[in-house]
Amino acid sequence: LLQFWEKIAEKMPHFDETATTHDVVRQVVIPMSKAEPPEASCAYATMLAGGNYRPPDVMVTHNWGNKFSHLLAAIFSEAMAHR
């Protein structure tokens with residue numbers, strides 16, 4: 001997740017604290033997970049795992065209209081509580 005966070009500025013230079021999850025998905029996640037041919041496209045998480053599907057360890061519920069920074073804060077907070 002931290003590696004993804006670092007890529008946001010490169011892919012979405014206008015990113016700020018008002019960006020929603022929808023904004024980040026449309027402008028960063030989808031373009032980064034597209035492949036040629038289109039049939040080779042996959043979920044961004046699968047792409048990070050070298051093309052190998054890995055079942056999730058946790059479920060993160062979110063609203064695409066909420067601020068993306070709030071989503072990240074909630075994920076990091078939860079992760080820190082499970083250390």
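Predicted model only: the values in this text are computed from it and were never measured. What's counted below: heavy atoms across the whole structure, side chains too, no hydrogens, waters or symmetry copies.
The line from CD of E17 to NE2 of H70 is 9.0 Å long, rounded to the nearest 0.5 Å. Atom CH2 of residue W5 and atom CD of residue Q3 lie 15.0 Å apart, to the nearest 0.5 angstrom. Distance check, rounded to the nearest 0.5 Å: CD of Q27 to NE2 of H14 gives 4.0 Å. Atoms NZ and OG1, on K67 and T20 in that order, are 10.5 Å from each other to the nearest 0.5 Å. Atom CG of L2 sits about 9.0 Å away from atom CG of L72, to the nearest 0.5 Å. The distance from the CZ atom of F68 to the NE2 atom of H62 is 9.0 Å, given to the nearest 0.5 Å.
When all heavy atoms are compared, the tightest approach of C42 to S33 is O-CB, 3.3 Å. Considering all non-hydrogen atoms of both residues, V29 and Y44 come closest at CG1-CB, 4.0 Å. When all heavy atoms are compared, the tightest approach of V24 to I8 is CG1-CD1, 4.4 Å. Taking each heavy atom of A19 and D23 in turn, the nearest pair found is CA-OD2, 3.5 Å.
One hydrophobic cluster holds both V60 and M47 under the rule that ILVMFWY side chains link at heavy-atom gaps under 4.5 Å.
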